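I have placed the structure first, in the form of structure tokens, so that the comments after it can refer back to it.
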Amino acid sequence: MATLEKIRSKAGLLVAVVGVALFAFIIGDFLNSGSTFFRQSQEKIAEIDGHAIQIQDYQQRIDEMTEVYKMQSGSASLPEEYMTQIRQSVFDGMVQEIVMDEATEALGMVVSPEELFDMVQGENISPIIQQTQMFVNPQTGAFDKVALLNFLKAIDDENIATYPADQQAQLLQARNFWLFMEKNIKRQRLEQKYTTLLSKAMTTNALDAKDAFEESSENSDIVYAMQAYSTIPDSTIAVSDSEIQQLYNERKEQFKQQEGRVIDYIAVDIRPSKEDYDNAEADIESLKKELQASVQVEDLVNENSEVPYLDAFFTENAFDAEMRQFATTAEVGDIYGPVFANDRYRMFKLVDKTTGPDSVKVSHIMLAGRTEAELATLTDSIMDALKGGADFAALARQYSVDQAAENGGELGWFTEATALRGVNEDFKNALFSTSVNQLASVKSNYGTHIIKVTERTANVPKYKVADIDMTVSASSKTYSDIYNALNQFVSANNTLDKMNANAQEAGYNLSSKVTVNKNDQTVGTIRDSRQVVRWAFQNGNGTVSEIFECDDKFIVVGVVSSLEEGYRPVDAVASSLRSEIAAQKKGDQIVSELKAKNLTSLEAYAEAMGAKVDSVKFINFSTRRIAGIGIEPNLNAAVSIAPVDQLSEPVKGNNGVYVFKVTARNKDAREYDEASEIRSIDATNAYRIAYQAIQALVDRADVEDNRIRFY
């Protein structure tokens, strides 16, 4: 009882303690579970109208498109310029997807599974598929639906499982390519539906059609004189701050700006020294002696040249002009060069020459997935059957384990180089040593090939050339010397003021007041300089960076100031606004002075203007740029309504004041066809809407772009 009483006496303290414990438990649980929230926030690369894009999703899309580019180009890797374009393309696509999904969802607009099936393998195949090269018949140049269906069959899960492991990887890559394509087909159809709906809501009426026809079918020839605004000194024209502010307010939407940084930077070329050039010259002369003495040139070329050696014969059409001239006039063993140009040495040796077909057309039966003994037995059996008159295409469909089986084993045309690169040297040798309609068997990493040459091009001269290309680059010593000199300068001039004051004396060129936006991939034209842009956005005004290496340059950068997202201030654009207002005032002054003279001929106007009479033909209301004059919409309009052979009043334009006379009015011989004109205008509008509608959705969206934190 005493214990219970004691507990009761401490109830307030217990409540407080329990409360604190519960709070600690709750907040701890929140922080633990909330860590996912904070992590997601940190990994958010963008947010569009409240829809977050996470870095993982963005990177996955980039990886998908990168693989597609690699497949299409046949490259194992892509240069940074390509990756920059891919990253931007993926981001733009994801933004468009979100805004399009919002717009189409509100309309209940979808692409049904049945519609998608019809576009990929039904009666209305998507143009994206029809234009894909692997589905085009090489003989007819037309879309081949059979090739498409064979491809879809080949990338089916059950079919892939029947192939050897190395081929499964290729088929899985092909399937990923197809899924990427299918996703884009669906997206394109949804966009097409949306923009078609909008374009159908903007039909052309008969009045529009008639006006458009008359504007385009009638044009005028004129003679004219012009007084340029530059004939009046700017100092004689007063422009007030209030006038500038008024024009700024009218044009404010034109002065939107992204968040930016104004930077100063020093860029130093990483160039070879004189010692580097001397060493390179000695190296290439030594290589020439080795090349002259060597019979087996492959190792020598591959160890020293930027162009790998291919043990294959080429026709002269495969060579550039310099190599073609050498190969077609040299004797076997002759050497050309070394020749030095643009920091590169070139040297050739004619290894051999022959006469033979440039290319051969081949079919094959590829055997794989068996033991060596089983392969040998099956190869002999098929060869015997073929020599006995069996149908090659039928046996290919029955036994061949690659995609060509569906086409009776037909592989298409090979040059020596494509056969060597695509398979191996034995395969190449077999193709070009086998006569038409004869058989041969050859092994490769893919399996055993039973080949049949079905066609050969005519025999032509062919050449085997060793090509040593060697670029002179900065040595490690030169690299270090350039870096250390710049590093010493930065250490001694580690503030923006010091860097600017002393750069020229130290022999460095300073680029000043350069504006970069957060989505700029480069600083000016300097390649691989995205890292400099990122640094500028991560550091404050007045900060000077460490040394960045960007392609073939070292860069040091300082942040001058920051530009907030929004509108450029009036002071930043006042100069251009003042010039525009001054031009208009000059125009008013010139018009007033000319009218006061009561001139009655074009020649008199030309004399008063200090100009000459000139002429121009084929002006109509729609002419964007008048030949010899430029963009002058006021002149276009005045010419279109002016009577023939009547002197005009002075017309104030963008660049000066014009007086003109229409000397001829020309009409097209074609007759007005209302239905045709309406179709033409509607088609033009549909094309314009297809771009503008989606771009308008993007412009209207609330886009928070955080890519600068990641890339």
Side-chain angles (χ1 to χ4, degrees), residues 73-76 79 271-272 274-362 413-434 455-475 552:
S73 64
S75 302
R271 296 279 300 148
K274 183 179 184 303
E275 183 181 0
D276 294 332
Y277 285 113
D278 291 343
N279 289 338
E281 184 178 7
D283 288 343
I284 197 71
E285 289 297 338
S286 176
L287 280 173
K288 182 175 182 177
K289 293 177 182 177
E290 291 186 59
L291 192 62
Q292 286 172 328
S294 177
V295 177
Q296 299 297 326
V297 298
E298 181 171 358
D299 290 343
L300 185 66
V301 173
N302 289 337
E303 288 172 8
N304 296 282
S305 178
E306 294 162 17
V307 179
Y309 180 75
L310 276 181
D311 189 17
F313 286 96
F314 295 83
T315 68
E316 63 177 82
N317 294 330
F319 299 144
D320 60 35
E322 189 175 16
M323 188 181 288
R324 183 185 305 121
Q325 174 64 26
F326 165 71
T328 56
T329 58
E331 296 297 328
V332 173
D334 285 356
I335 289 179
Y336 169 82
V339 175
F340 180 76
N342 299 321
D343 279 354
R344 185 178 68 153
Y345 281 104
R346 291 194 81 183
M347 183 165 59
F348 311 139
K349 179 177 181 177
L350 184 58
V351 177
D352 200 358
K353 59 182 177 179
T354 189
T355 300
D358 171 56
S359 52
V360 295
K361 189 176 183 181
V362 180
W413 289 91
F414 285 86
T415 63
E416 289 196 35
T418 56
L420 184 60
R421 292 191 185 105
V423 187
N424 62 16
E425 185 172 359
D426 290 339
F427 185 79
K428 181 258 299 183
N429 292 338
L431 296 192
F432 283 85
S433 62
T434 303
E455 290 184 56
R456 293 162 66 98
T457 58
N459 287 345
V460 292
K462 297 170 67 175
Y463 311 90
K464 188 180 292 187
V465 180
D467 178 7
I468 293 182
D469 278 39
M470 194 171 74
T471 299
V472 183
S473 57
S475 64
D552 59 351

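Numbering of residues begins at 1 and proceeds along the displayed sequence. FYI, side chains are in, hydrogens and waters are out, and symmetry mates aren't considered; it's all heavy atoms of this structure. All of these numbers come straight from a predicted model, not from anything done at the bench.
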Might you point out which heavy atoms bring F432 and E416 nearest each other, and give the distance in Å? CZ-N, 3.4 Å
Return the set of residues passing side chain to side chain contact (heavy atoms under 4.5 Å, CB included) with N424 (not counting sequence neighbours), or none when no residue passes. D426, F427, S444
Side chain to side chain, F348 and D334, heavy atoms closer than 4.5 Å: no
Where do T315 and D358 come nearest, in terms of heavy atoms and distance? CG2-OD1, 3.2 Å
The criterion is salt bridge (Lys or Arg N to Asp or Glu O under 4.0 Å); which residues satisfy it with R421, sequence neighbours excluded? none
Examine distances only and state if a side-chain atom of D276 and a backbone atom of A474 form a donor-acceptor pair shorter than 3.5 Å. no
State the NZ-CG distance between K349 and L287, to the nearest 0.5 angstrom. 12.5 Å
Once side chain to side chain contact (heavy atoms under 4.5 Å, CB included) is applied, do any residues pair with D283, and if so which ones, sequence neighbours excluded? M470
Mind checking salt bridge (Lys or Arg N to Asp or Glu O under 4.0 Å) for E275 and listing every partner two or more places apart, or none if nothing turns up? none
Can you tell me if K428 uses its side chain to pair, donor with acceptor, with the backbone of A312 under 3.5 Å? no
Those residues at least two apart in sequence (or on a different chain) that pass side chain to side chain contact (heavy atoms under 4.5 Å, CB included) with T354 are F313, K462
Do F340 and Y345 have side chains that approach each other closer than 4.5 Å (heavy atoms only, starting at C-beta)? yes
Which residues share a side chain to side chain donor-acceptor pair (under 3.5 Å) with T418, sequence neighbours left out: T415
Can D299 and Y309 be counted as having a side-chain donor-acceptor contact under 3.5 angstrom? no
Find the distance between CG (D469) and CE (M347) and round it off to the nearest 0.5 Å. 10.0 Å
For the backbone of N459 and the side chain of T355, can you confirm whether one donor and one acceptor N or O come within less than 3.5 Å of each other? no
Rounded to the nearest 0.5 Å, what's the gap from CD on Q296 to OG on S294? Could you check? 7.0 Å
Determine yes or no for a side-chain-to-main-chain donor-acceptor pair under 3.5 angstrom, with K288 supplying the side chain and I335 the backbone. no
Would you tabulate the side-chain donor-acceptor contacts of residues 322-329 under 3.5 Å, counting partners in other chains and residues two or more places apart, or write 'none'?
from : atom 1 : to   : atom 2 : distance (Å)
E322 : OE1    : R346 : NH1    : 3.0
E322 : OE2    : Y336 : OH     : 2.8
R324 : NE     : E316 : O      : 3.2
R324 : NH2    : F319 : O      : 2.8
T328 : OG1    : R324 : O      : 2.7
T329 : OG1    : Q325 : O      : 2.6
T329 : OG1    : F326 : O      : 3.3

Partner residues of K464 under the salt bridge (Lys or Arg N to Asp or Glu O under 4.0 Å) criterion, sequence neighbours left out: D311
Just verifying a value: how many Å separate T457 OG1 and K361 NZ, rounded to the nearest 0.5 Å? 13.0 Å
Applying side chain to side chain donor-acceptor pair (under 3.5 Å), can you list everything that pairs with D278, at least two apart in sequence or on another chain? K274
Does any non-hydrogen side-chain atom of L420 lie less than 4.5 Å from one of E425? yes
Residues that P308 engages under side chain to side chain contact (heavy atoms under 4.5 Å, CB included), provided they are two or more places apart: N302
Please identify each residue that fulfils side chain to side chain donor-acceptor pair (under 3.5 Å) with D352, with sequence neighbours left out. none
For residues V465 and F314, determine if any side-chain heavy atom of one lies less than 4.5 Å from a side-chain heavy atom of the other. no
Counting distance only, does the side-chain N/O of R456 pair as donor-acceptor with the main-chain N or O of T434 below 3.5 Å? yes
Excluding sequence neighbours, so at least two apart, what forms side chain to side chain donor-acceptor pair (under 3.5 Å) with E306? T471
Please determine which of V297, I284, V307 meets the side-chain contact (heavy atoms from CB on, under 4.5 Å) test together with I468. I284
